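Structure, as C-alpha cells:
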There are 2 protein chains.
Amino acid sequence: MEKSFVKGLAVLEALARAGRPRGVTDLARELGMTKSNAHRLLQALVATGFARHDAEAGQYSAAPKLWELGMRVLAQVEVRDKAAAQLRQLARRSGEWVNLAIRDGIHVLFIERLEDGETVRGGYVGVRAPAHALATGKMLLAHAPAAVQQEAARRPQAFTARTIVDGAALLAELRRVRARGHASNRGEWREMVNSIAAPIWDGGAEPVAAVGITGPHQRMTLARQRELLALLLDSAAAISRRMGGGALGVAPVARG
Amino acid sequence: MEKSFVKGLAVLEALARAGRPRGVTDLARELGMTKSNAHRLLQALVATGFARHDAEAGQYSAAPKLWELGMRVLAQVEVRDKAAAQLRQLARRSGEWVNLAIRDGIHVLFIERLEDGETVRGGYVGVRAPAHALATGKMLLAHAPAAVQQEAARRPQAFTARTIVDGAALLAELRRVRARGHASNRGEWREMVNSIAAPIWDGGAEPVAAVGITGPHQRMTLARQRELLALLLDSAAAISRRMGGGALGVAPVARG
DNA sequence: TCGCAGCGTATCACATTGTGGAACATCGTT
DNA sequence: AACGATGTTCCACAATGTGATACGCTGCGA
C-alpha cells in the first residue's frame, strides 16, 4: 500500500530527525532500503523543496520548507496563543516551570514552555515524550479514546523506578485522573522531577491540551503540589473559557 | 520520476497550508488528481502519522508530527539561538520591530520576530515572503548563487508601486547591496513600511541569515534609517562573531 | 604512486505497484 | 422520495518504482 510514498516519508522523517546532513548510503542503511531507492527518493525530496543537497559533500539535509509547513500546523493549535497570557501569569505566580502539551497518539508534544515567566527557546518545545510517564500525558490520555488508552497500556515503557509499567495499573490511574480532573507525576519520567497537570477544554469531547507545572522534587513536594493545584486549575479553567470550553476540571460530556 | 511520492508530498503540503481540515474531493480537485488517488495518499499519510482523519466529518488535516519535524529542522538553524540575545538588545535600543530571516530559494523565511523587545508569537514567524521586495531578502539574495539571482530577476512580482519589477534593475540593486554590506527597503513590500537589513556570516560563502529593522514610514525616515544603521551593523557583526564568521559587513571571500 | 574502499550517481530489464474509472455507501438537501 | 454531493472500495491494466550492477570520484593507507 503506497510503498514508495511511505518510504519517501520515512526518508523525510529520518532527515528531519537527524538534525544534520546525511549521506545516501547512511540513510539507506538505517531505513533498510537500497542505495538506489534512497537516492531516488532524496532527489524527489530535493525537487519538491523538502530537502537540500550539498553538492560538495554530496550530503542531504531537511529544508526550511518542512519547518514552514510545521508552523502552519502549529497555527491551527490556537490554544497556544490563547493560553500565552495565562501561562505567563501562572509561571510568575508559581515560580516553577510551566508547560503546555497536546496529545499525538500515545505521545505528548510540548508546544510551549516557560521558565521564570519567559518563553524557553531551544530544546524543549517540539519535543515528543511518552504520555504515560507525564502528568500532562496522563491527563490527556485519561480522556483519550479507549483504543488509544489500550495502546498506551500495552507494555508501558519504564523510565525510572516509579514509572507505571503495568497496563492495568495505568488504566486504573487514568480512571482516577479522569475522576479527579487533574494528574500528578512524581519521578515517573525523570527521577527528580515532579509535576501536576490540568486539562484545557474547547467544548469537544477531548481536552485540546494540558497545562503542567513542573519542578525539582526538593521544591515540588506533595504539600507544594497540593498548594499549587488551585492556581493550576484556575489557569486551566480560564484558558478553557477562552477556548470556548467549559471551565470545569472534568469533561463537559460523559464518555462511554 | 517518483510520481506517487511527489503527489503524496503535494497532498501533505496542501493539507498543511490549508490550516483546516479538508475533504478528499476538495483536495483531489485542487491538486488535479483523481479521488481514488488522493484518498489512497491520504490513507498513507494517516498511517504514517503525518495526517489525521476525522472519522465523523470524513475530513483530513495535518498532524502535529509535521510541526514536530519542523522544529527539528529549526534547531539546525543555530543562528536563531545565537542571535536571540543580540536581537533583544537591538529591539530595545531601536524601539522598532526586529526580525531574523533566512533564504529558501528566491524566498525569505522569518525565523524570529521581536516587537518591543518581546518575541512575537503568532502569525509572523514561519511566514514566507518574496526576497526581492524585502531588505532582508535583498541582502540574502545579494550573496546568493548567480542562478538564484537570475531566477529572482525573471519577472519580479510587484507588491506596491515601489517594488523593483525590472530584472536588470534588481540585479543592479543586488550589486549595490553586496558592495555596501547592507540593504534598505522603502515601501517595496508594504506601502508604508520601511526597513534596513544586514547579513550574518558563519564563515561560509553565503550569509546564513539576515537581521532587519522594520518600522512604519512615519518613524522610519531616511535619516532614521541612517541613524539605526550603525546599531544594526554592530548587532549583525556581533552575531556573526558568535557564529564563527567574520565580523565584517561584507563577504569574507570574494565571489565570482 | 598506486590501489583499495567508500561514497554518490547512473543505467536498465523486470514485475511489483500505483493507477483511474466505475460502482457503492452515506450523508444532507430538495 | 429523489437528488447531488460526499467518502470509500474494487479491479484489470500498464505505467511506475524496483534493486543488482556498473561507473566516476574522493580520500586514505600501503
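Model, not experiment: these values are computed from the prediction. Reminder, nothing fancy here: chain letters follow the sequence lines and each chain counts from 1.
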For this session: Mind checking Arg22(B) for me? I need base, sugar-phosphate or nothing, with any heavy atom below 4.0 Å counting as a touch.
Result: nothing

Exercise. OP1 or OP2 of dA10(C) sitting under 4.0 Å from any side-chain N/O of Gln43(A)?
Worked result: yes

Problem set entry | Nearest-Å distance for atom pair CE/C1', residues Met33(A) and dG19(D) | 12 Å

Exercise. Can a side chain N or O of Arg29(B) be found less than 4.0 Å away from OP1 or OP2 on dT6(D)?
Worked result: yes

Problem set entry | Under-4.0 Å salt bridge between Glu151(A) and Arg154(A) | no

Exercise. Base, sugar-phosphate, or nothing: which does Thr25(B) touch, judged by heavy atoms less than 4.0 Å apart?
Worked result: sugar-phosphate

Exercise. Does any donor-acceptor pair link the side chain of Lys3(A) with the base of dG17(D) at a separation under 3.5 Å?
Worked result: no

Exercise. Quick check: does any side chain N or O of Arg103(A) sit under 3.5 Å from a backbone N or O of Gly105(A), one acting as donor and the other as acceptor?
Worked result: yes

Seminar exercise, completed: To the nearest angstrom, the CZ-P distance between Arg52(B) and dG7(D) comes to 19 Å

Problem set entry | Separation of atom CG in Leu42(B) from atom P in dT8(D), rounded to whole Å | 9 Å

For this session: Send over the distance from Asp26(B) CG to dG7(D) C1', rounded to a whole Å.
Result: 13 Å

Exercise. Would you call Lys7(A) and Glu2(B) a salt bridge, using N to O less than 4.0 angstrom?
Worked result: no

Problem set entry | Donor/acceptor link under 3.5 angstrom from Lys35(A) side chain onto base of dG8(C) | yes

Exercise. Would the His143(B) and Trp201(B) ring centres measure less than 6.0 Å apart?
Worked result: yes

Exercise. Arg40(A) side chain N/O closer than 4.0 Å to the phosphate oxygens (OP1, OP2) of dG17(D)?
Worked result: no

For this session: Describe the nucleic acid contact of Ser4(B) in one word from base, sugar-phosphate, nothing, applying a heavy-atom distance below 4.0 Å.
Result: sugar-phosphate

Exercise. For DNA chain C, whose closest nucleotide is more 5', that of His39(A) or that of Phe5(A)?
Worked result: His39(A)

Exercise. Does OP1 or OP2 of dT9(C) have a side-chain N or O of Tyr60(A) closer than 4.0 Å?
Worked result: yes

Problem set entry | Side chain of Thr34(A) (C-beta onward), nearest among dC10(D), dT19(C), dG19(D) | dG19(D)

Exercise. Rounding to a whole Å, what distance do you find between Leu27(B):CG and dT8(D):C1'?
Worked result: 15 Å

Exercise. Asn37(B) has an atom CG; how far is it from atom C1' of dG7(D), in whole Å?
Worked result: 15 Å

Problem set entry | Main-chain N/O of Ala16(A) paired to Arg72(B) side chain as donor or acceptor, under 3.5 Å | no

Problem set entry | OP1 or OP2 of dT8(D) under 4.0 Å from side-chain N/O of His53(B) | yes

For this session: Could you tell me whether Glu2(B) contacts a base, only the sugar-phosphate backbone, or nothing, with contacts defined as non-hydrogen atoms closer than 4.0 Å?
Result: sugar-phosphate

Exercise. Can you tell me if the side-chain N/O atoms of Lys7(A) get under 4.0 Å from OP1 or OP2 in dT16(C)?
Worked result: no

